[in-house]
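Worksheet for the structure shown next.
Below, each value reflects all heavy atoms present in this structure, side chains not excepted, and no hydrogens, waters or symmetry copies. So that the names make sense, note that chain A is the first sequence line, chain B the second, and so on, each numbered from 1.
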2 protein chains.
Amino acid sequence: MDLRELEIFLTLAELKHFGRASQACNLSPSALTRTIQRMEEKLEQPLFLRDNRTVTLSPAGERLKAYARLCLNEWQSLRSSIRNEQAVTGSLSIYASITAVYSLLPELLESFRERYPEVQLELRTGAAEQAVAQVQSGEIDLAVAAFPDGTRPNIEFLPIVTIPLIFIAPRVAGAAEVPVPGDRLDLSRAPLVLPQTGLSRRRLDQWLKEHRITPNITSEVSGNEAIIAMVRLGCGVGIVPQLVLERSPFRDEVVVLQDAPVLKPYQVGLCTSKRNLQRASVKAFWQLAEERSMAA
Amino acid sequence: MDLRELEIFLTLAELKHFGRASQACNLSPSALTRTIQRMEEKLEQPLFLRDNRTVTLSPAGERLKAYARLCLNEWQSLRSSIRNEQAVTGSLSIYASITAVYSLLPELLESFRERYPEVQLELRTGAAEQAVAQVQSGEIDLAVAAFPDGTRPNIEFLPIVTIPLIFIAPRVAGAAEVPVPGDRLDLSRAPLVLPQTGLSRRRLDQWLKEHRITPNITSEVSGNEAIIAMVRLGCGVGIVPQLVLERSPFRDEVVVLQDAPVLKPYQVGLCTSKRNLQRASVKAFWQLAEERSMAA
DNA sequence: CGCCTTCATTGCGTTACACGCAACACAATA
DNA sequence: TATTGTGTTGCGTGTAACGCAATGAAGGCG
């Protein structure tokens with residue numbers, strides 16, 4: 001039994017006139033007759049008692065009338081509740097590093113807020129490394145994350161910016177062998193301040209492996225900000241994404257080594273699960289970001 | 001939105017597995033996929049969140065699930081209530097003359113009662129002449145009536161028996177010119193006891209008109225039983241359906257005139273309106289009578 | 001690492017079915 | 001008797017739902 005059929009039936013039940021009902025339903029008289037006949041066959045029971053003069057509802061028709069009203073009303077309320085739900089209770093949790101919150105996200109969040117003011121936004125900051133894991137666990141809807149090298153199953157990425165990985169040195173040489181600006185960076189000799197894990201570490205390790213160089217690692221820390229702090233103190237040469245350096249309060253107290261190996265740059269963008277991408281709020285954010293990166 | 005679609009949706013919502021759900025619905029996987037896609041398009045909202053591993057309900061899907069359950073449950077209850085209604089509350093009112101109640105109806109009622117014991121029967125007796133009017137007014141569902149000569153609009157007839165119209169005379173001649181058994185009946189001379197109106201009167205009038213005979217009408221009464229009573233008293237020659245005479249307590253006190261005009265016989269049968277014929281109980285009685293007259 | 005299995009989806013040809021048009025049946029009306 | 005109003009039926013047509021086969025994507029396993 002179809003909702004359209006119920007609607008047609010109800011119209012006829014109220015008008016009690018095939019001609020007028022068919023007109024009211026934008027239907028040919030024959031189509032109306034057949035629709036009612038189909039319904040009567042399905043119920044194995046006449047719904048209307050007709051003679052050539054009048055049309056009246058049978059007892060079964062009265063029952064069906066109540067049913068039809070129920071179904072159609074509930075359908076209306078379902079539709080509106082789904083629409084409202086889409087707008088009002090749409091929520092979106094975003095995970096990002098502090099750097100991202102200050103650099104990439106502001107303009108995105110602003111235009112999203114403008115276009116979809118009804119979506120409840122939740123913003124969580126944390127280590128950039130954990131972004132993908134947060135998304136995979138379902139803890140979070142959307143994250144700003146660096147592209148992992150390999151593609152992950154059921155995870156979608158949308159690149160937004162490409163950020164070079166740069167080598168930084170203290171403005172004033174501290175320990176021995178720490179290069180000063182203008183020197184050529186010799187990775188086999190220079191003392192290095194590196195993250196324990198993470199994408200930039202893997203990029204460097206790969207480069208070193210390709211060039212068969214054994215590095216001189218002074219200290220391993222976690223977090224790009226920590227690297228900048230260590231470098232500033234003169235501990236050695238560090239490697240950070242350019243964007244992080246630009247946002248750092250210590251940016252003037254370290255120098256960028258221009259004559260250094262060029263590592264494959266960071267790809268930073270949005271990250272979510274395939275499943276989340278089907279939710280209205282997530283999809284909206286995603287498409288907004290796509291538009292902006294198209295325009296750029 | 002179709003009930004079948006809702007059923008399919010519910011199955012998938014419970015199994016959360018396209019393959020198994022399609023099997024459970026006797027459907028190909030592709031058909032299931034498309035069915036869900038259609039529903040999602042109609043609602044402009046995803047119902048399931050899928051990745052290559054799992055299928056889960058979206059918020060909109062949860063709402064639809066509640067709706068689907070409501071519709072399907074109500075549909076079941078509608079079907080069963082309609083079936084029960086058909087059997088239990090089916091009522092049938094029958095109008096018949098006293099003669100019919102004693103002659104035609106007993107066997108019909110008996111087998112009807114046997115086959116459809118749940119139908120509430122109501123039996124009303126009255127003048128045979130009013131049977132059709134009772135049906136037309138909707139006062140009564142079904143009547144045992146004589147065929148009117150012309151067909152009536154929106155009224156159906158089912159002939160059951162053919163009953164000759166016979167001329168009767170008193171066993172012992174009373175008034176002058178009243179014929180005795182064996183005489184040839186001369187309608188221009190014999191005193192007649194006729195019904196004021198009714199089918200038998202019309203039949204006789206027609207015959208007289210065709211033969212250009214002016215009758216000698218002694219008295220006009222109403223009701224066949226009255227005719228028999230008058231004839232018995234010797235008032236004249238009467239005309240009654242054979243069946244009425246057979247059932248009359250005075251049947252031995254009048255005689256049938258064999259050598260008399262042959263009038264077109266009475267056709268007695270069931271009578272109902274087209275509209276009533278669509279009701280289950282009426283239809284059942286009608287079909288029962290059809291079967292019996294077939295067999296006879 | 002490569003092959004196979006499991007799932008959902010998509011392309012495509014086929015079929016069923018709902019529709020509109022026209023003709024019809026039946027009754028009321030002039 | 002002709003005409004109008006009303007519901008139904010015959011028939012040709014187009015859409016849309018289906019099944020089959022191929023595809024894409026991810027997990028399992030030797």
Side-chain angles (χ1 to χ4, degrees), chain A residues 1-9 11-13 15-42 46-58 61 136 148 150-157 273-275 277-278, chain B residues 1-9 11-13 15-42 46-58 61 132 135-136 148 150-157 273-275 277-278:
Chain A
M1 197 60 60
D2 188 85
L3 281 183
R4 170 78 180 146
E5 287 178 327
L6 291 180
E7 210 174 339
I8 291 170
F9 166 82
T11 306
L12 179 59
L15 296 181
K16 298 187 191 308
H17 190 285
F18 277 80
R20 282 189 279 277
S22 71
Q23 216 165 349
C25 296
N26 297 321
L27 219 60
S28 71
S30 66
L32 174 58
T33 292
R34 298 212 149 97
T35 301
I36 300 299
Q37 284 174 342
R38 278 196 300 275
M39 296 176 79
E40 288 175 331
E41 277 170 26
K42 278 182 216 159
L47 296 171
F48 293 95
L49 306 180
R50 322 110 150 106
D51 58 26
N52 299 45
R53 204 82 213 117
T54 45
V55 175
T56 56
L57 272 171
S58 76
Q136 274 181 319
T151 166
R152 305 292 180 88
N154 290 323
I155 293 289
E156 295 283 331
F157 284 94
S273 64
K274 278 189 183 173
R275 187 193 284 129
L277 197 50
Q278 297 169 63
Chain B
M1 197 60 59
D2 188 84
L3 280 184
R4 171 77 179 147
E5 286 179 326
L6 291 180
E7 209 173 341
I8 291 170
F9 166 81
T11 307
L12 179 59
L15 296 181
K16 297 187 191 306
H17 191 285
F18 276 79
R20 282 190 280 278
S22 71
Q23 217 164 350
C25 296
N26 298 320
L27 219 59
S28 71
S30 66
L32 174 58
T33 291
R34 284 178 220 261
T35 301
I36 300 299
Q37 284 174 342
R38 277 197 300 276
M39 296 176 79
E40 289 175 331
E41 277 170 27
K42 278 181 216 162
L47 296 172
F48 293 95
L49 305 179
R50 320 105 147 114
D51 58 27
N52 298 45
R53 205 81 213 117
T54 46
V55 175
T56 56
L57 273 171
S58 76
V132 176
V135 166
Q136 274 182 320
T151 167
R152 304 293 180 90
N154 291 322
I155 293 288
E156 294 285 328
F157 285 94
S273 64
K274 279 188 183 174
R275 188 193 283 130
L277 197 48
Q278 297 169 60

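In this structure, CG of A/Asp51 is placed 18 Å from P of D/dG5, rounded to the nearest angstrom. Atom CZ in A/Arg275 sits roughly 13 Å away from atom P in D/dA26 (whole-Å rounding). Counting to the nearest Å, the C1' atom of D/dG7 and the CG atom of A/Leu47 are 16 Å from each other. Spacing between atom CD1 of A/Ile8 and atom C1' of C/dA18 amounts to 10 Å, rounded to whole angstrom units. Nucleotide C/dA16 holds its C1' atom 15 Å from the CZ atom of B/Arg4, rounded to whole Å. Computed from coordinates, the B/Ile36 CD1 to D/dA17 P distance equals 13 Å when rounded to whole Å. Rounding to whole angstrom units, CD of residue A/Glu40 and P of D/dG7 are separated by 13 Å. Rounded to whole angstrom, the span from the CZ atom of B/Phe48 across to the C1' atom of C/dC7 amounts to 15 Å.
Judged by distance alone, the side chains of B/Thr54 and A/Arg275 do bring a donor and an acceptor atom under 3.5 Å apart.
The distance from the CD atom of A/Gln278 to the CZ atom of B/Phe48 is 11.5 Å, given to the nearest 0.5 Å. The line from CG of B/Leu32 to NE2 of B/His17 is 11.0 Å long, rounded to the nearest 0.5 Å.
Residue B/Gln37 places no side-chain N or O under 4.0 Å from the OP1 or OP2 atom of C/dA8. Contact annotation: B/His17 reaches the phosphate of C/dA8 (side-chain N/O to OP1 or OP2, under 4.0 Å). Between A/Thr35 and C/dC19, a side-chain N or O to OP1/OP2 separation shorter than 4.0 Å is present.
Taking the side chain as every heavy atom from C-beta outward, B/Arg20 and B/Thr11 never approach each other to under 4.5 Å. You'll find the side chain of A/Leu3 stays beyond 4.5 Å of the side chain of B/Lys42, heavy atoms only.
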Between the protein and nucleotides 12-16 of chain D, list every N/O to N/O distance that falls short of 3.5 Å.
none

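Mapping B/Gly19 and A/Leu32 onto DNA chain C by nearest heavy atom places B/Gly19 closer to the 5' end of the strand. The nearest heavy atom of DNA chain C to B/Arg20 and to A/Ser30 marks one nucleotide each, and the one closer to the 5' end goes with B/Arg20.
Scored by the side chain to side chain donor-acceptor pair (under 3.5 Å) test, A/Glu40 finds A/Arg50 as partners (sequence neighbours excluded). Evaluation of the side-chain contact (heavy atoms from CB on, under 4.5 Å) rule for B/Lys274 yields A/Asp51, A/Asn52, B/Asn154, B/Glu156 as partners, not counting sequence neighbours. Looking at residues two or more places apart in sequence or on another chain, you find no side-chain contact (heavy atoms from CB on, under 4.5 Å) involving A/Gln23. A/Ser58 pairs by the side-chain contact (heavy atoms from CB on, under 4.5 Å) definition with A/Leu49, A/Ala60, not counting sequence neighbours. The ring-ring contact (aromatic ring centres under 6.0 Å, His included) check on B/Phe18 picks up nothing, with sequence neighbours excluded. Not counting sequence neighbours, B/Ser22 has no partner by the side chain to side chain donor-acceptor pair (under 3.5 Å) test.
Side-chain proximity of A/Phe18 to C/dC7, D/dC18, D/dG7: nearest is D/dG7. Taking only side-chain atoms of B/Pro29, from C-beta outward, the nucleotide of D/dC18, C/dT9, D/dG19 with the closest atom is C/dT9.
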Fill in the blank from the handout: Nucleotide by nucleotide, nucleotides 24-30 of chain C touches protein heavy atoms under 4.0 Å in the pattern (B base, S sugar-phosphate only, - none) --BSS--
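With hydrogens and angles ignored, no donor-acceptor pair closer than 3.5 Å exists between the side chain of A/Arg34 and the base of D/dG7.
Between the axis at the start and the axis at the end of the helix from C/dC1-D/dG30 to C/dA30-D/dT1 there is an angle of 10°, using five pairs per end and rounding to 10 degrees.
Within the structure, salt bridge (charged side-chain N to carboxylate O under 4.0 Å, His left out) pairs that include any residue of residues 26-39 of chain B comprise B/Glu5-B/Arg38 (at least two apart or interchain).
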